[in-house]
J.: 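Supplied in structure tokens, the structure appears directly below.
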Amino acid sequence: MKPSSQDFINAAIDRLVPLEINHDAYHEAVLQMGVETTTMCLIIIDRNRAHPQTPIKNPGGVLRAMTRRYAIGDLRINASLIALAKRRFQ
């Protein structure tokens with residue numbers, strides 16, 4: 001059976017506590033961006049905790065910043081995903 005989008009959403013929600021992301025930050029992100037975009041943000045945040053040059057040290061703050069960027073039309077999820085893919089294959 002292949003994973004559904006709900007499986008990815010549930011997995012992202014399961015990462016909130018290990019990432020120390022406040023549930024209020026998560027709910028605000030979902031209200032602003034929707035659950036799918038918020039899920040993508042959580043995946044990006046989780047993967048970038050081990051970034052070789054600029055690791056994420058405050059995942060909750062980054063999620064709030066991503067939510068603000070989304071609100072003003074400046075969130076570039078595709079660019080983040082491309083950067084993750086490039087880093088993976090270097």
J.: Under the side-chain hydrogen bond (donor to acceptor under 3.5 Å, both in side chains) test, which residues partner Ser5, sequence neighbours left out?
T.: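 Partners of Ser5 by the side-chain hydrogen bond (donor to acceptor under 3.5 Å, both in side chains) criterion come out as none, since no residue qualifies.
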
J.: List the residues meeting side-chain hydrogen bond (donor to acceptor under 3.5 Å, both in side chains) with Asn58, not counting sequence neighbours, and say none if there are none.
T.: none

J.: Where do Asp7 and Pro3 come nearest, in terms of heavy atoms and distance?
T.: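 Of all heavy-atom pairs spanning Asp7 and Pro3, the closest is OD2-CA, 3.4 Å.
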
J.: Indicate if Ile13 and Leu19 have the same hydrophobic cluster label, given that clusters are the connected sets of ILVMFWY residues with side-chain heavy-atom separations under 4.5 angstrom.
T.: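 Yes; tracing contacts between hydrophobic side chains, which count when under 4.5 Å, links both residues.
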
J.: To the nearest 0.5 Å, what is the distance between NE2 on His51 and CG on Leu84?
T.: 8.0 Å

J.: Please enumerate all residues that pass salt bridge (charged side-chain N to carboxylate O under 4.0 Å, His left out) together with Arg49, with sequence neighbours excluded.
T.: Asp46

J.: Of all heavy-atom pairs between Ala25 and Ile21, which one has the smallest distance, and what is that distance?
T.: CB-CG2, 4.3 Å

J.: Could you pull out all residues at least two apart from Gln6 that satisfy side-chain hydrogen bond (donor to acceptor under 3.5 Å, both in side chains)?
T.: Asn10

J.: Please identify each residue that fulfils side chain to side chain contact (heavy atoms under 4.5 Å, CB included) with Pro52, with sequence neighbours left out.
T.: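 Scan of Pro52 (side chain to side chain contact (heavy atoms under 4.5 Å, CB included), adjacent residues dropped) gives Arg87.
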
J.: Could you tabulate the donor-acceptor pairs under 3.5 Å formed by side-chain atoms of residues 28-45, not counting sequence neighbours?
T.:
from  : atom 1 : to    : atom 2 : distance (Å)
Glu28 : OE2    : Gln32 : NE2    : 3.4
Thr38 : OG1    : Ala29 : O      : 3.2
Thr38 : OG1    : Val30 : N      : 3.4
Thr38 : OG1    : Gly34 : O      : 2.8
Thr39 : OG1    : Val35 : O      : 2.8

J.: Do any pairs count as a side chain to side chain donor-acceptor pair (under 3.5 Å) and have a residue in residues 64-75, sequence neighbours left out, and if so which ones?
T.: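 Qualifying pairs: none.
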
J.: With sequence neighbours excluded, what pairs up with Asp14 under the side-chain hydrogen bond (donor to acceptor under 3.5 Å, both in side chains) test?
T.: none

